Amino acid sequence: MVYEPSGKELAHFPFLKKANDRIRSLPPVETLLTEDRGAFIKRLAEERISQSLASVKKINPHIEHAPEDEIAGYILSRVIVSSIGERQLLDRLVRYEADRAYNFLRNEDSWNSNFIKTESGYSQLFLYIANELGIPIQQGTIPMVDYVELVSPIREGRFRLINRMVTKGQVYVGDDELYDLLCERIRVILRRDLPYKNVPKSLNKKIAESAEQIKMQHKEMMLENFGAVEETAFPPCIQALVSAITSGANLTHPGRFSLTAFLHTIGMDNNHIAGLYARAPDYDPEKTMYQVGHITGGGGTEYTAPACAAMKTTGLCVRPDKLCETINHPLSYYRKKKRQKKQAFRESKP
Amino acid sequence: MKPATLEFVRQRFAEYYGKAPLITPPSIEQREWGFVLFSPGYPEIHMRRHIGFPGKDDAIAYIRNLVPAHVYYSSAYYERPDAGSMKEKGWCGADLIFDLDADHIMRGPYDKMLARVKEETEKLLTMLTDEFGIDRRAIEVVFSGGRGYHIHVRDIAFRSWGSAERRELIDYVCGIGIDPAAMLSGKATAGAGWQTRYRATLVEYLQWIETLPEKEALAHLSAVPGIGKSTAEKIRNNCRAIIRDISSAPDPRLFKKYPGLTEIVLAEEGEFKRRLRERAALADEPVTTDTKRLIRMPSSLHGGSGMRVMPIEARDFASFDPLTDAVIFGTRDVRVDVTLPRPTPMLGSTYQLAKGITTVPEAVAVFLCCRGMAEIA
């Protein structure tokens, strides 16, 4: 492909290979960070992460900084979240990057003076990005092998191969769906290399302050989302698990796992979680602490609470209520219920 | 298995391995091998695995020398196939495998099971070629020697796939994860694939409802969870219209337009799902998603039946009859003591054996001894 993306385009899609070439002229990152320009780039990086954590995200297609600064800010933001290493931060950041890219592509005519729609119905920039990310597009279909590689990390049912028209090795994809697929592809690719390993200690030091600030913001966000643990807002499945333990029953392995991961995510500390298991007939303090520690990230992987679909598969979804119909994750139930309760409390006050 | 029986079976296997042409897999130096030997205590399974061979001749010499009861190699390719742990082996990829085993599909007499699993295999092959677009020449079909068929796809495009990608294919093949709305989206003239199968099944089901006497139809419909008497009546009276809409103007909104339709298609263990399942190819899911599986070597013998693990040419598949074509032993008389009398179909006849001592052709004797239904008398 002969298309050469402009600086402005690269500033919008800083993960493209050409974007890397663009910042070759900048001094090495550690030197840069000691300069004023570096401080500015650091602010851009912090802003990026901060935005990824915000509940309402502002995605502004009119980028005013120099493309080099924008691209460097993008890379530095990835270095900062890598140094923190928290999975949720990494996930949030790449999700934000993918959403940005999606938004810019959807509204390309509003910001890109190079915008040209090709015969395929997609812009030349869209085709360029799709090509770089390995999505071959021809007449509304994608070869089956490429399609499967593209959708296997996506959970959504409508993208499953079985729900597609598949014939002679070609999978039909709607025009709009291709934007979704591209967005998802960006997310997967950007997530794949994170966290960066081997960030030099000296560099880690230079970004430590930013990292601290981000950590604080993340903590605040978690508190705001989940706040003090409120058992009365637990979804029925989790309530059932809690009452099973407290009545002295043994939980199955998936039961323990789901409960522990759920309680950990909503902010209950490990001692408190382990304490819950003390009532189980096969209670073994050491083993329990080990298991809790493992699920909550002690082994290097921090597990998230399973979604409703997984709870159904393991037979842990019990007595779903009206609110359950509106959510697909026990954590969403908890968040919603808490909000409802707060609201009801406010309204009950004269 | 008594020592005399073990010796008889082992000798037959030795005879076969002594002269039969053996087919080893491509990239043999990257495969892990596993063997079950006729050691004392057999058929108690004790597998020797983590074995590697530098080349074809080494593998064949090993097999001829040891005369194993079962021979397996890995569908996976490894840097060090003989390393003791999966981590050390260094996984480089794996063939795409489908396993169709009658045990997972139905119970019944052996020949009936084999016939049924062959139908499933045919459905699978059609999906692989017509829908996935896989070149038939990249597909090897093998009779497993037991109760089914193995499909090896060696197209390099799939080799590096992990379990998640393979799951997409096996779910597709088995009809898992269907979204009813997606099935009614898109044009009326949809090509092959699940949309066509789904719509045809729904039409066929509604036509069946129409043919039932009113009382029976209503009883059937109101037995569907979530459907009451009045909805059942509406569905029955609307069968024609629903069929017309599905065929000429498919749309996910039909589920809203015709109350009860959703319940029909979602009912677990329901009539609709049963009919839909018939259009799937019921392959064994874990085998396909496991990228480190050992699979029987085509051209080896199955120690549980004495039959040949038989590679089948595409053009021969339709006429392939395992109970003749995969039987390799002769017709000389062998005296056996039948302990588990069951009708045994083989080589075009069905042997109605009674408990006790009797004389059968060698091939039948091997089969009975391997399956633990008789001992050498």
Side-chain angles (χ1 to χ4, degrees), chain A residues 133-136 138-178 180-181 184-185 187-189 191-192 299-300 306-310 312-315 317 320 322 325 328, chain B residues 96 126-136 138 153 155-199 250 252 268 276 279-281 285 288-289 291:
Chain A
L133 301 181
I135 306 180
Q138 45 200 4
Q139 301 291 322
T141 67
I142 297 182
M144 186 272 282
V145 170
D146 298 295
Y147 180 82
V148 167
E149 289 173 5
L150 203 55
V151 301
S152 67
I154 307 179
R155 294 215 185 101
E156 254 176 286
R158 69 185 164 122
F159 285 121
R160 300 274 66 80
L161 187 63
I162 191 167
N163 291 320
R164 295 273 127 190
M165 244 174 84
V166 187
T167 175
K168 297 268 168 249
Q170 297 292 326
V171 182
Y172 287 80
V173 177
D175 290 350
D176 286 345
E177 289 172 330
L178 209 48
D180 296 335
L181 285 177
E184 193 48 33
R185 180 68 161 185
R187 191 184 67 77
V188 169
I189 288 184
R191 184 66 180 87
R192 206 156 52 190
C308 294
K312 279 182 191 137
T313 314
T314 44
C317 170
K322 264 259 162 320
E325 285 168 25
N328 53 26
Chain B
L96 179 63
T126 309
M127 285 189 203
L128 295 184
T129 53
D130 295 6
E131 289 166 42
F132 294 169
I134 300 174
D135 187 347
R136 185 63 177 80
V153 182
D155 190 325
I156 195 138
F158 308 109
R159 196 169 289 179
S160 62
W161 277 13
S163 296
E165 288 85 359
R166 291 166 201 253
R167 165 136 313 269
E168 289 292 328
L169 298 194
I170 189 72
D171 280 356
Y172 185 98
V173 161
C174 297
I176 297 170
I178 289 182
D179 172 10
M183 294 298 118
L184 295 195
S185 310
K187 300 185 198 86
T189 53
W194 276 101
Q195 281 188 345
T196 314
R197 279 189 281 274
Y198 195 89
R199 293 173 194 177
E268 292 301 331
L276 190 62
R279 296 180 189 245
E285 300 161 52
T288 299
T289 54
T291 57

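Letters A, B, ... mirror the listed sequences (proteins, then strands); counts begin at 1. If you're wondering where the values come from, they're calculated on a predicted model, not measured in any experiment. Side chains are part of it too, since the values below use all heavy atoms of this structure and drop only hydrogens, waters and symmetry mates.
- By the 6.0 Å contact criterion, OH on A/Tyr172 is open, its count of non-hydrogen atoms from other residues, nucleotides or ligands being 12 or less.
- Annotation: maximal heavy-atom pairing with chain A below 4.5 Å, among B/Ile178, B/Val173, B/Ile134, occurs at B/Ile178.
- With a 4.5 Å cut-off on side-chain heavy atoms, A/Val148 and B/Leu169 count as touching.
- By the salt bridge (charged side-chain N to carboxylate O under 4.0 Å, His left out) test, A/Glu149 pairs with no residue at all, sequence neighbours left out.
- Contact of B/Ile176 with chain A is made through the backbone alone, with heavy-atom distances under 4.5 Å.
- When each of A/Val145, A/Val171, A/Leu161 is paired with B/Phe132, the side-chain contact (heavy atoms from CB on, under 4.5 Å) condition holds for A/Leu161 and for no other.
- Side-chain atoms of B/Glu168 never come within 3.5 Å of backbone atoms of A/Ser152 as a donor-acceptor pair (strictly under, hydrogens ignored).
- Side-chain contact between A/Ile162 and B/Tyr198 is absent, with no heavy atoms from C-beta onward closer than 4.5 Å.
- Put simply, the side chain of B/Asp130 reaches to within 4.5 Å of the side chain of A/Lys168, judged on heavy atoms.
- Using modelled atom types, one side-chain atom of A/Asn163 and one backbone atom of B/Asp179 make a donor-acceptor pair closer than 3.5 Å.
- In this structure, the separation between OH on B/Tyr172 and CE on A/Met144 is 9.0 Å, given to the nearest 0.5 Å.
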